[in-house]
Amino acid sequence: MSFSNLGLSEKVLAAVAATGYTNPTPIQEQAIPHVLARKDVLGIAQTGTGKTAAFVLPMLTILEKGRARARMPRTLILEPTRELAAQVKENFDRYGAGQKLNVALLIGGVSFGDQDAKLMRGVDVLIATPGRLLDHTERGGLLLTGVELLVIDEADRMLDMGFIPDIERVCKLVPFTRQTLFFTATMPPEIRRITEAFLHNPQKIEVSRPATTAVTVTQAQVPAGREAHEKRELLRRLLREAKDLKNAIIFCNRKREVAIVHKSLQKHGFSVGALHGDMDQSARTAALEQFRKGELPLLVASDVAARGLDIPEVSHVFNFDVPHHADDYVHRIGRTGRAGRTGTAISIVTPLDQKSMVAIEKLIGQSIPRAEGDYEVSAEASDASERPREQRGRERSRGGRGKPQRGRDRERSHEPRDARGEARHAAESRPPSEPRQPAESRHRSDDKRRAEPRHEARQQANISHVPSIGRPEPRRQREVDTEPGDHSHLPAFLLRPVRSPAGA
DNA sequence: AAAAAAC
C-alpha cells in the first residue's frame, strides 16, 4: 500500500514524498479515505501509530478548496496539552508548506492579542487547548459557526483531565452538520457515551492498541530506599552506569519533585532540562526544543511529557518515581523503543511502590527483572548528617532506629511532614526581612505572577532554568547532595557546558 | 498519592 491510492491531492502527496515517507501506517491507510469521503471517524489508536498524519493529510486535501472568513475558522482541532497542540501545528506547517493556509494555535501561556489578530485575518485550521479556546469564544473574538470539520484528539486523556464539560460546550458551538473525527486510546464508558452524542454513524477504526510495551524496550526495576535523597543518589549512579545512553527522560510523579531532581542533577554537573505544567510556556517550549535537538541529553519531566509527545530516539526512560497508575507506566516507557529501535526503561522502586509494580506487571503481562544488589543504596550506608534535621529528630525520638520504617507506621509518620512540615520548613528558610504570608496566598498564582518577570531575563540566557513552582524550596535540598563540584566521573556529553558563548 | 488547563 502506498499513499498514492488513498485519494490525497497531488500537493499533499508531494509534501509527504518530500518528508521521505512512502507507506501509510495502518491507521492512516484506514482513516484517510473515510475522512476524504467526509464521514465521521472514531479512531481507537495511541500516539506513535501515525494518528496525527491520519487527520492532517486529508484535512489539507479538503482545505485546498475554499477560503476562511474573519473570526470563523473552517476546521478546529482540540488537544489536551499545549505541547501536543504545538506538535499538531508543526505537522500542518510541514505538510502544508505548499499551500497558503492560515493555521492558528490557541493555547494558554502566550499572548492573547497575537492570537486574536490572527483570528481576525481568518484561519483555515485552528488548533487549541480547551481553556484558551473558550476564553476567545466568550470574549466574542471567535465564532465556531463556520467549522466544517472538528477533531477531538486524545479524548480519553481529556476525560482524565476533566475537560469533557469544556468539550461538550465547544460541541454546542459548532454546527450540527459538521464532520467529526474522534480519537482515543481507550474506550471507558464515559468516552463511549460522548462518542454516541458527538458522532453520527462513525466509521470505527481500531489499530493494535498495545496495553503492552514494545518488545524492543529492555525494562528493569532497581530497589531504592524511600528517602528522596537516596533516590537522587541512585539516579545519578544509574545515569553514569547506563549502557549506550544517548538521551533520557526522567519521570517524576510531582511537579515539585521535577524541579528538585532537575536542580540536583544540574548541581552535580549534568546537562539537563525540565518540563512540567507550572513552568511558564517559553521555558516549556525551550526545554522541549533543546531536548529534541539533542542539545540537552537529559530531561526531567512530569506526566505532561508521558503521552503523545513526539520525541524521536529516546534511548532511556527512568522512572524516578513509579507511576501510581499502571497505564501511565506504559505511556512513559513508550517514549523509548519507538519505531523498532531499542530502548531501556529503568524504574526506581521503593518498598512503597511494590503494589504499583505488581499492577504494572499485571497490565503489561510480563515481569520486570529486578536489577541485583549492585544498585542498592541502603539507608544505613548513607551518612546521617546528610539527612534532614527533622528526619533525624524523628529517628531519635523513635529510639535511634536506623532502618526505614515500613507499612502503616511509616505512612502515618510521613503525613505531617508532607502536609504541614514542609510549608513550615519553607517559611523558616525565608529571610527574616521578608513578610510572612498565610500559606494559602503563598501557594500559587500570587507568588508566581510576581516572581515571573524577575526570572524572564534569566530564562532568556539560561533556558534550563526552572522557575519556582510556588514556594521556596526547603533548605533540606542544600544539605542532601554532597560534592557537587566534582564531575570528573561523568561522560563528557552529559556534562553541563560551563558557559558557551551565545550563538557559537 | 498527581498531572493537566484560562486570565
Side-chain angles (χ1 to χ4, degrees), chain A residues 47 78-87 105-116 127-142 152-170 185 226 228 231 249 251-261 274-281 284 288 300-309 319-329 331-332 349-357 359-360 407-408 410-412 414-419 422 443-446 448-450 452 469-470:
Chain A
T47 26
L78 293 170
E79 295 287 336
T81 67
R82 298 171 185 175
E83 278 76 12
L84 277 172
Q87 194 169 289
L105 192 58
L106 291 196
I107 60 173
V110 294
S111 159
F112 192 95
D114 294 353
Q115 293 176 350
D116 195 57
I127 305 158
T129 46
R132 185 57 75 92
L133 180 82
L134 288 168
D135 202 352
H136 279 279
T137 60
E138 278 159 15
R139 297 195 200 189
L142 173 62
I152 299 165
D153 199 14
E154 304 264 337
D156 52 349
R157 193 168 177 206
M158 302 235 212
L159 174 71
D160 289 346
M161 290 163 69
F163 284 170
I164 296 304
D166 286 348
I167 302 303
E168 288 178 320
R169 282 173 65 201
V170 171
R226 65 194 169 88
K231 289 170 74 175
I249 305 180
F251 282 104
C252 303
N253 287 353
R254 297 172 183 78
K255 291 177 279 202
R256 245 183 77 74
E257 201 67 29
V258 170
I260 292 169
V261 171
L275 185 65
H276 67 70
D278 275 356
M279 289 165 56
D280 70 83
Q281 192 54 40
R284 280 167 71 161
L288 189 57
V300 187
S302 69
D303 278 318
V304 69
R307 301 191 195 199
L309 287 192
N319 285 316
F320 183 81
D321 299 309
V322 174
H324 294 128
H325 293 293
D327 52 346
D328 287 335
Y329 177 88
H331 288 293
R332 286 181 182 185
V349 181
T350 71
L352 285 173
D353 298 322
Q354 292 305 334
K355 243 189 215 165
S356 302
M357 283 311 292
I360 287 164
R408 264 183 307 159
R410 189 234 141 236
E411 265 167 31
R412 219 178 23 228
H414 201 63
E415 194 189 333
R417 178 158 63 116
D418 278 355
E422 220 137 67
H443 189 62
R444 234 195 117 103
S445 49
D446 271 359
K448 205 176 153 196
R449 218 172 294 136
R450 270 202 310 279
E452 265 166 17
I469 58 166

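Here is the naming used below: chain letters follow the sequence lines, and residue numbers restart at 1 for every chain.
When heavy atoms are screened at a 4.0 angstrom cut-off, A:Phe112 is found touching no nucleic acid atom at all. At a threshold of 4.0 angstrom between heavy atoms, the contacts of A:Asp303 with the nucleic acid are absent. Among the protein residues, A:Arg284 comes within range of the sugar-phosphate backbone only, with heavy atoms under 4.0 Å from sugar or phosphate atoms but none that close to a base. Residue contacts for A:Gly162: at a heavy-atom cut-off of 4.0 Å it reaches no nucleic acid atom on any strand shown. Within the 4.0 angstrom heavy-atom criterion, base atoms lie near A:Asp160. Contacts of A:Arg82 with the nucleic acid, taken as non-hydrogen atoms under 4.0 Å apart, involve only primed sugar atoms and P, OP1 or OP2.
Atom pair A:Asp321:CG and B:dA1:P shows a separation of 15 Å (rounding to whole Å applied). At whole-Å resolution of the value, CG in A:Asp280 and P in B:dA5 are 13 Å apart. Spacing between atom CG of A:Leu78 and atom P of B:dA6 amounts to 11 Å, rounded to whole angstrom units. Atom CZ of A:Arg157 is separated from atom C1' of B:dA5 by 11 Å (rounded to the nearest Å). Note: CG (A:Leu106) to P (B:dA6) measures 10 Å, nearest angstrom. Per the geometry, CG belonging to A:Leu105 stands 10 Å off P belonging to B:dA6, to the nearest Å. Going from atom CG of A:Leu288 over to atom P of B:dA4 covers 14 Å, rounded to whole Å. Here the P atom of nucleotide B:dA3 and the CG atom of A:Asp278 are 8 Å apart, to the nearest Å.
A:Asp353 is linked by a side-chain contact (heavy atoms from CB on, under 4.5 Å) to A:Val322, A:Val349, A:Thr350, counting only residues two or more places apart in sequence or in another chain. Residues that satisfy the side-chain contact (heavy atoms from CB on, under 4.5 Å) test with A:Glu168, not counting sequence neighbours, are A:Ile164, A:Arg193, A:Ile194, A:Phe198.
At least one side-chain nitrogen or oxygen of A:Ser302 sits closer than 4.0 Å to the OP1 or OP2 atom of B:dA4. Contact annotation: A:Thr129 side-chain N/O to B:dA6 OP1/OP2 distance is under 4.0 Å.
Listed nucleotides B:dA5, B:dA4, B:dA1 differ in distance to A:Lys255; the shortest reach to its side chain belongs to B:dA4. The side chain of A:Asp328 lies closest to B:dA2, out of B:dA4, B:dA6, B:dA2. Checking B:dA4, B:dA6, B:dA3 against every side-chain atom of A:Asp135, the shortest atom distance belongs to B:dA6.
Using a 4.0 Å cut-off between charged nitrogen and carboxylate oxygen, A:Arg139 and A:Asp135 count as a salt-bridge pair. Note on A:Lys231 versus A:Asp321: salt bridge recorded, some NZ/NE/NH1/NH2 to OD/OE distance being below 4.0 Å.
Judged purely by atom type and a 3.5 angstrom limit, A:Gln115 uses its side chain to pair as donor or acceptor with the backbone of A:Ile107.
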